S.K.: 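Have a look at the structure that comes next, please.
Numbers restart at 1 for each chain; the letters A, B, ... are given by sequence-line order, proteins then strands. On a predicted model such as this, the values are computed, not experimentally measured, just so you know.
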Amino acid sequence: MYVACERLRNPSLIGKPVGVQQKGLLATASYEARALGVDKLCSLREAKQRCPSLILVNGEDLTLYRYYSRRVFNLVRSALGTSPVEKLGMDELFCDVTDMVTEHLAELKDTSPHPRGRWFSLAEVDRTTPSDNKGFWYDPSSVCPGYIIPEDIATAAADNGVTPSTEIIAASHLANHIRHLVLSQIGLGSSAGIAYNKTLAKLVGNLHKPHQQTTLTVHPGATDEYISVVRELLDPLDARKLMGFGSKVLHTLRDHVTGSVRPFTTDLAVEDRRSDTPLTVGFLRQHLTKQLFCTLLGMQNGQKLWDLLDGKDEEPVKPSPEFPLTISIEDSFDERRGILDWSGVLREIEILTNSLLRRLEIELVDGGEIEGVRTDPSPSQPPRKWQRYPSQIRLTIRGGHSREIAYNANRESRSAALPVPVFDLDVPRIERSQALIRQPLSALAKQILDKGVESKITEKYEISIINIAVTHLQITPPEKAINAYFSSETIIGESSMNTSHERSAIGVAHINGSKRARPSHASGLDFGMLRELPPDIREDVLREYGIDASELDLEEPPNKQSKSNSVSAANTGPEDIPADSPSERIPEITWNLQNRTPVSPSTSDAETSSSTEEIETGVTECELCGAVIFGWSMDAHKAYHAGS
DNA sequence: CTGGGGTCCT
DNA sequence: AGGACCC
C-alpha cells in the first residue's frame, strides 16, 4: 500500500522495483522488487545487496498513507451504507455485509431476468430501481469473481456434494464491485477475501495477492461439509496465519510441544518442531486439547484460539470510529543519534511534540473537506473548530540498543492530563509545543529517565525510541474555555497552565518574554510573531483586528543573520506553513476522477529528484518546523529552536 | 541498520 | 502502566 501511494504521488515509480524505507528497515517493497528477491521487513543493507536496482522511497512520514487510508475507509463506508466497517491498520478493512446481501437476495425473488445481468442495489431505500451510482450490475452466471475455495466448486458443484452459499456468492460480487470502486475513485488496487468470519476472510484474502480476490464458498450451516473444507484449508498452514496466534502464543505452544510431547512420541510432525518448522494448525488441533490451550494461554484467550483452529470465529466486525482513540508519533534512534544528554532529550521531545501538534491540527480540526478527508481550511473559511479533544498525553521512552533486549522490552511510559491551552490555535504551534515541554512532558521524561530506563553514561541517556501520544479523545470540549490568544488581559510572568488564566500564559510568555518580541502595534499585535503564523491563521487574526494585510510589511528580512540574531534566521523559512513541507502537500494533489490520473508536481524520479535538489541548492528542511533553510543558516535556525 | 503506527486486555 | 495482538 505504501508503494501504491508513492506511485500515485510519483507515477514514474510504476512498474519499477520500489522499496519503502523507514530508518534502516525496508518497511515494504513493490511486487517487482519482491520478484527480484527482496523481502518485506528485511534490513536495508540486505535489500540493496539483493537488488541493487531497488529504488528507495522514505516512508518514515506516514502522512501520505494516512490520507489514502482515510479516503479508502470513507469511500467503502459510504458505499456500504450502514454495514459495519472495521479498520485494521492502515490498509485493511473488514466489512460485515450480511444485511446488504440478505436484502439483495430477498429482492431477487421479484426480479425478472435482465439483459445486463443482476442488479445489486447499494441504496438504503428503493432497492429495486437500477441506478448506476447506487448499485452495480453483475453476471450471476460467473459464480464468483476471482479465486474460489474449494477449487473445484465451479466445475463440479453438481456432483462433489459441495454447494456454494448464495450469500457468499453475492458477497463476492459485492467485494469485486467495492474493489473496482476503490480503484476507479482513488487509484489503489486491492485484494479481498470473502468468507463467513473475519479470520477466514483475512486468511483467504492473503492467498492470491496482488489485485485478486478469493472466496471461501462454504457455509457453516452445512456443518460436515464446512468442517471438512475448512480443515483441508487450515490444517497445513502455519498457525501464525490465524489472527491471534502471535509470537508469544506460538512460543508458548512450541515450548510445550518440544518440552512435553517430544519425549513421548516419534511423530514426524513433532520432530519438525525441533527444527524450527512452523507449527501447523492441523498439528495443534490433533495433538493438543482445548483444556491445554486454556491452561497455557488463559481461559478466555485459550478458548478463542482453540476455536480458531477449526475456523470458528464469532468476532463481530466492530465499526471503526471516525476518529482514532489515540494519536501518537514516534522516532527511533540508533547508537549514534540515541546518546543524548538531558537537553538533547528535551530537544527531541520538542521536535516530536511539534509534529504531533501539527498532526492534531490536520486530523482533529475541522477545515474544508475533500471526500470526507479533513484538510486544512482555506483562509476564507470559518474559524477552525476542534472535532475531538484529547485529554491525556503520554510519553514513552525505550532505552538501550543492546542486542539482548527483547522486542518491546525496556519501554516505560508516563501520562498526565493534557493542558487545555494546547487547543488554542491562535497561539503558534511552536509556542504550544514548548509549553507542553515545560508542562508536563519534561516532568514525565524526568520520571522515566530518573528511574533508570537509560543506561547512564556520563550524564548521557541511551535512548532508542521516543513516543508521544494523546489519548482519551473526547467529543465535548474541556471544561475550561479556550480564550483567544490575543486577549485584552495583560498578565505578565509565569502562570500555571491549570488555572483559568493559564491559556493566557502561553500568549503572554510570547508577547512579553520572547526574544523575538518586536515593538507591538497599537492594537497589541506582535508582528514578529505574526509573520510566523501559518497564512490561514494569520488571515484570521488580521481579519479579527480589521487590518488589511496589504498595509503590513510581512516580507521576510534578508536571510543573512548571524547566530546571535538567530531569531530572524528562523524566519527565513515558512516554518509553520504545512504546504511547504513535502509530506503535507497531499491536499494539493488533484484528481482526474474520469481516468484516475493523479495530477501532482511529480518529477521523473522521486528519489533522485529530492537528493539532487538538496545537493544543487544546498537547501534542507528543518525537522522541527518544516522550514526550508539554506544549509549555512541551519545552525542558527536550530539555535533558535533550542533557545527558550 | 529492527518502522511507525494502532487496538484491546490485564 | 504494561503487554499482547494487528498492519
S.K.: According to salt bridge (Lys or Arg N to Asp or Glu O under 4.0 Å), who are the partners of R414(A), at least two apart in sequence or on a separate chain?
M.R.: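 Scan of R414(A) (salt bridge (Lys or Arg N to Asp or Glu O under 4.0 Å), adjacent residues dropped) gives E412(A).
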S.K.: Pick the closest DNA chain B nucleotide for L44(A) and for N467(A) by heavy atoms, then say which residue is nearer the 5' end.
M.R.: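 It is L44(A) whose nearest nucleotide is closer to the 5' end.
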S.K.: NA contact type, K48(A), heavy-atom cut-off 4.0 Å: base, sugar-phosphate, or nothing?
M.R.: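 Answer is nothing: K48(A) stays at 4.0 Å or more from every strand.
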S.K.: Taking only the side-chain heavy atoms of I329(A) (C-beta and beyond), determine which of dG3(B), dG5(B), dT2(B) contains the nearest atom.
M.R.: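 Out of dG3(B), dG5(B), dT2(B), the nucleotide with an atom closest to I329(A)'s side chain is dG5(B).
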S.K.: Please classify the nucleic acid contact of L62(A) as base, sugar-phosphate, or nothing, using heavy-atom distances under 4.0 Å.
M.R.: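 The residue L62(A) makes sugar-phosphate contact but no base contact.
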S.K.: Please list, chain by chain and in numerical order, all residues satisfying side-chain contact (heavy atoms from CB on, under 4.5 Å) with T252(A), sequence neighbours excluded.
M.R.: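 Applying side-chain contact (heavy atoms from CB on, under 4.5 Å) to T252(A) gives L296(A), L297(A).
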S.K.: Is the shortest side-chain N/O distance from S415(A) to OP1 or OP2 of dA1(C) below 4.0 Å?
M.R.: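 Answer yes for this pair, as a side-chain N or O of S415(A) is under 4.0 Å from OP1 or OP2.
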S.K.: Run the side-chain hydrogen bond (donor to acceptor under 3.5 Å, both in side chains) test against E315(A) and tell me which residues pass, sequence neighbours left out.
M.R.: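 E315(A) satisfies side-chain hydrogen bond (donor to acceptor under 3.5 Å, both in side chains) with no residue once adjacent residues are dropped.
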S.K.: Remember a base hit wins even if backbone is also touched, and classify V20(A) as base, sugar-phosphate or nothing at under 4.0 Å, heavy atoms.
M.R.: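 Answer is nothing: V20(A) stays at 4.0 Å or more from every strand.
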S.K.: How close do V97(A) and S83(A) get, heavy atom to heavy atom, and via which atoms?
M.R.: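 For V97(A) versus S83(A), the nearest heavy atoms are CA-OG, 4.4 Å.
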S.K.: Starting the side chain at C-beta, find the nucleotide from dG4(B), dT2(B), dC7(C) nearest to L25(A).
M.R.: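 The listed nucleotide nearest to L25(A)'s side chain is dT2(B).
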S.K.: Classify S464(A) by what it touches in the nucleic acid, base, sugar-phosphate, or nothing, heavy-atom distance under 4.0 Å.
M.R.: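 No contact.
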S.K.: At less than 4.0 Å, is any side-chain N or O atom of R411(A) found next to OP1 or OP2 of dG3(C)? Yes or no.
M.R.: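 Indeed not, no polar side-chain atom of R411(A) lies that close.
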S.K.: To the side chain of E335(A), which of dG4(B), dC1(B), dA1(C) is closest?
M.R.: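 Ranking dG4(B), dC1(B), dA1(C) by closest atom to the E335(A) side chain puts dC1(B) first.
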S.K.: Between K202(A) and dC7(C), is there a side-chain N or O to OP1/OP2 distance below 4.0 Å?
M.R.: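 Yes.
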S.K.: Only pairs at least two apart or in different chains count here, so list each ring pair (Phe, Tyr, Trp, His ring centres under 6.0 Å) that has a residue in residues 190-209 of chain A.
M.R.: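 Every ring pair (Phe, Tyr, Trp, His ring centres under 6.0 Å) pair that includes a residue of residues 190-209 of chain A, provided the two are not neighbours, is Y147(A)-H208(A), Y196(A)-H219(A).
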S.K.: Closer to the 5' end of DNA chain B via nearest nucleotide, is it Q21(A) or S328(A)?
M.R.: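 The 5'-side residue here is Q21(A).
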S.K.: Does a nitrogen or oxygen in the side chain of S332(A) sit under 4.0 Å from OP1 or OP2 of dG4(B)?
M.R.: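 Checking dG4(B) against S332(A), a side-chain N or O does come within under 4.0 Å of OP1 or OP2.
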S.K.: So S320(A), base contact, sugar-phosphate only, or nothing? Heavy-atom distance under 4.0 Å.
M.R.: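 It contacts nothing in the nucleic acid.
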S.K.: W342(A) ring centre to K446(A) NZ or CZ under 6.0 Å, with the angle to the axis within 45°?
M.R.: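 Yes, K446(A) lies over the aromatic ring of W342(A).
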S.K.: Nearest-Å distance, CD (E92(A)) to C1' (dC5(C))?
M.R.: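 Those two atoms, CD and C1', are 13 Å apart.
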S.K.: Tabulate protein N/O versus nucleotide N/O from nucleotides 7-10 of chain B, keeping only pairs under 3.5 Å, one per line.
M.R.:
residue, atom, partner, partner atom, Å
dT7(B), OP1, L325(A), N, 3.0
dT7(B), OP2, T326(A), N, 3.4
dT7(B), OP2, T326(A), OG1, 3.2
dC8(B), OP1, K318(A), NZ, 2.5

S.K.: In whole angstroms, how far is the P atom of dG5(B) from the NZ atom of K40(A)?
M.R.: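 To the nearest whole Å, that distance equals 18 Å.
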S.K.: For D334(A), give me all partners under salt bridge (Lys or Arg N to Asp or Glu O under 4.0 Å), at least two apart in sequence or on another chain.
M.R.: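 Listed in chain order: nothing, the list is empty.
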S.K.: Counting side-chain heavy atoms from CB outward, which of dC5(C), dC1(B), dG2(C) is closest to S413(A)?
M.R.: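 Closest nucleotide to the S413(A) side chain: dG2(C).
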S.K.: What's the closest nucleotide to the side chain of K23(A) if the choices are dG4(B), dC1(B), dG6(B)?
M.R.: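 Nearest to the side-chain atoms of K23(A), counting from C-beta on, is dG4(B).
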S.K.: From the options dG2(C), dC5(C), dG3(B), select the nucleotide whose nearest atom is closest to the side chain of E412(A).
M.R.: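 Nucleotide nearest to E412(A)'s side chain: dG2(C).
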S.K.: What is the nucleic acid contact for E330(A), judged by heavy atoms within less than 4.0 Å: base, sugar-phosphate only, or nothing?
M.R.: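 Base, at least one base atom sits under 4.0 Å.
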